[in-house]
Amino acid sequence: MNNIIPFIEGKLFLKVNREKTEVAPISKVKYLGYTFYRFKGKCRFRVHQKSVAKMKNKIRELTDRNNGMSNAKREEKYQQFVRGWVNYFKLADMKKILKETDEWARRRIRAVYWKQWKKIKTKYRMLKALGLEHWKAKELACSRKGYWRMAHVLNSVITNKIIAKLGYTSMLDYYLVVWEN
């Protein structure tokens, strides 16, 4: 650090913020939300843990069961966030993170819909509309399990295709499309 600062300030005439500047191994550096790692002798990008935590907090906020947002508005804001976030971090290797986040976000979306259906009669009607048999729809509609638990049970009823048709883009699918281009 003592060797680099005189060069930057003396030769390049740039100011160095000594509080923010540090010399560290490549795996410890956070730069614009990215972190770096070595793979087969090459330096590659990864999303920093703090950026992942911020992303999850934003999804948590968008898929909150208690925020009173309409489904259309929620879907629109979720779309905007997914496109913006994935486009910003498209250089990073993040398939595993996005796959796990998609599963978690879809479960939160299922919980939102389960809470919106409120009454047993509405739950039964909606489950029947999704193609469930009478006895299974009645069993699920009368369940006393919580929203989070029922969101896991509804995994086979409100499938990923249905969630995609509702307008919630999969982060992984969008990343793979952006990454190919």
Side-chain angles (χ1 to χ4, degrees), residues 1-65 67 69 73-112 147-149 151-156 158-181:
M1 180 107 157
N2 293 333
N3 296 333
I4 296 170
I5 290 177
F7 173 76
I8 293 173
E9 290 180 339
K11 296 279 186 182
L12 301 177
F13 301 107
L14 297 172
K15 288 185 180 179
V16 175
N17 187 339
R18 284 170 169 64
E19 294 169 9
K20 292 182 179 180
T21 306
E22 65 180 357
V23 176
I26 196 164
S27 59
K28 305 275 191 239
V29 174
K30 178 186 177 212
Y31 185 70
L32 298 175
Y34 285 98
T35 189
F36 309 95
Y37 70 101
R38 290 188 192 278
F39 181 73
K40 294 185 179 177
K42 292 186 178 180
C43 185
R44 309 228 8 179
F45 296 112
R46 179 182 299 163
V47 181
H48 196 269
Q49 288 106 352
K50 287 182 181 178
S51 300
V52 172
K54 277 185 178 178
M55 177 255 303
K56 285 191 174 188
N57 285 335
K58 182 64 176 178
I59 291 176
R60 210 174 263 122
E61 179 186 314
L62 291 173
T63 58
D64 185 16
R65 296 188 303 260
N67 66 5
M69 192 184 305
K73 189 74 172 169
R74 177 180 290 114
E75 175 252 312
E76 178 189 340
K77 286 190 170 199
Y78 186 83
Q79 287 278 10
Q80 290 173 351
F81 176 73
V82 166
R83 281 183 299 211
W85 198 86
V86 170
N87 280 323
Y88 183 80
F89 287 107
K90 67 184 172 188
L91 300 174
D93 300 331
M94 57 181 174
K95 287 182 186 175
K96 184 179 177 186
I97 292 170
L98 294 183
K99 184 176 183 248
E100 292 168 359
T101 305
D102 274 342
E103 291 170 4
W104 172 74
R106 284 191 293 259
R107 187 170 176 182
R108 288 187 64 86
I109 292 164
R110 288 182 188 101
V112 165
Y147 300 117
W148 188 244
R149 174 70 184 269
H152 185 66
V153 173
L154 292 173
N155 197 16
S156 60
I158 304 174
T159 61
N160 297 350
K161 287 183 181 179
I162 292 172
I163 289 176
K165 282 182 185 176
L166 289 171
Y168 295 95
T169 304
S170 165
M171 293 180 89
L172 180 61
D173 293 345
Y174 188 72
Y175 170 70
L176 294 174
V177 169
V178 169
W179 194 66
E180 288 176 359
N181 294 335

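Position 1 is the first residue of the sequence; numbering continues from there.
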**Report entry** Test item: Thr35 side-chain N/O and Val29 main-chain N/O as donor-acceptor pair under 3.5 Å
**Finding:** yes

Query raised in the report: Which pair of heavy atoms, one from Leu172 and one from Lys99, lies closest together, and at what distance?
Result: CD2-CB, 4.2 Å

Query raised in the report: Do Ile5 and Arg18 have side chains that get closer than 4.5 Å, going by heavy atoms?
Result: yes

Query raised in the report: Side-chain contact, heavy-atom cut-off 4.5 Å: Tyr37 with Asp93?
Result: yes

Query raised in the report: Which distance, rounded to the nearest 0.5 Å, do you find between the CD of Gln79 and the CG of Leu62?
Result: 11.5 Å

Report task. Specify the closest pair of heavy atoms between Lys90 and Val178, including all atoms of both residues, with the distance to one decimal. Result -> CD-CG1, 3.4 Å

Report task. Quick one: do Asn160 and Arg106 satisfy side-chain contact (heavy atoms from CB on, under 4.5 Å)? Show the steps, please. Result -> CA-CA 8 Å; Asn160 297 350; Arg106 284 191 293 259; 3.1 Å; yes

**Report entry** Student check: side-chain heavy atoms of Phe89 and His48 closer than 4.5 Å
**Finding:** no

Report summary line: Shortest non-hydrogen pair, Ala111 vs Ala151, comes out as N-CB, 3.7 Å

Report summary line: Interatomic distance, NZ@Lys56 vs CD1@Ile97, rounded to 0.5 Å, equals 8.5 Å

Query raised in the report: Is there side-chain contact between Trp85 and Val47, with at least one heavy-atom pair below 4.5 Å?
Result: yes

Query raised in the report: Of the non-hydrogen atoms in Asn67 and Glu61, which two are nearest, and what is the gap between them?
Result: ND2-O, 3.4 Å

Query - Heavy atoms from other residues, nucleotides or ligands near CZ of Arg149 exceed 12 (cutoff 6.0 Å) - result: no

Query raised in the report: Does a side-chain heavy-atom distance below 4.5 Å link Phe45 with Met94?
Result: no

**Report entry** Residues Asn155 and Arg107: side-chain donor-acceptor under 3.5 angstrom
**Finding:** no

Requested in this report: Start with the C-alpha distance between Lys73 and Lys77, add both sets of side-chain angles, then the distance that settles side-chain contact (heavy atoms from CB on, under 4.5 Å), and finish with yes or no.
Outcome: CA-CA 6 Å; Lys73 189 74 172 169; Lys77 286 190 170 199; 3.7 Å; yes

Report task. Check the surroundings of atom CH2 in Trp104: do more than 12 heavy atoms from other residues, nucleotides or ligands lie under 6.0 Å from it? Result -> yes

Query raised in the report: Are Asn87 and Tyr174 close enough, and set up right, to give a side-chain contact (heavy atoms from CB on, under 4.5 Å), and what steps lead you there?
Result: CA-CA 9 Å; Asn87 280 323; Tyr174 188 72; 3.2 Å; yes

Query raised in the report: Between Tyr168 and Val82, is any pair of side-chain heavy atoms under 4.5 Å apart?
Result: no

**Report entry** Verdict with supporting geometry, Glu100 and Val52, side-chain contact (heavy atoms from CB on, under 4.5 Å)
**Finding:** CA-CA 11 Å; Glu100 292 168 359; Val52 172; over 6 Å; no

Query raised in the report: For Asn2, does the CG atom sit with more than 12 other heavy atoms under 6.0 Å from it, leaving out its own atoms?
Result: no

Query raised in the report: Out of curiosity, Arg108 CZ to Glu103 CD, how far, rounded to the nearest 0.5 Å?
Result: 15.0 Å

Report summary line: Residues Glu9 and Val16: closest non-hydrogen pair is OE2-N, 3.6 Å

**Report entry** Whether Arg110 side chain and Ile158 backbone form a donor-acceptor pair below 3.5 Å
**Finding:** yes

Query - Contact check, side chains of Ile59 and Tyr78, non-hydrogen atoms, under 4.5 Å - result: yes

Query raised in the report: Just wondering, do Leu176 and Lys95 contact through their side chains at under 4.5 Å, heavy atoms?
Result: yes

**Report entry** Enclosure of Lys30 NZ (heavy-atom neighbours >12, cutoff 6.0 Å)
**Finding:** yes

Report summary line: dist Ile162:CD1 -> Ile109:CD1 (nearest 0.5 Å) comes out at 13.0 Å

Query raised in the report: At their closest point, which heavy atom of Leu98 faces which heavy atom of Tyr175, and how far apart are they?
Result: CD1-CB, 3.4 Å

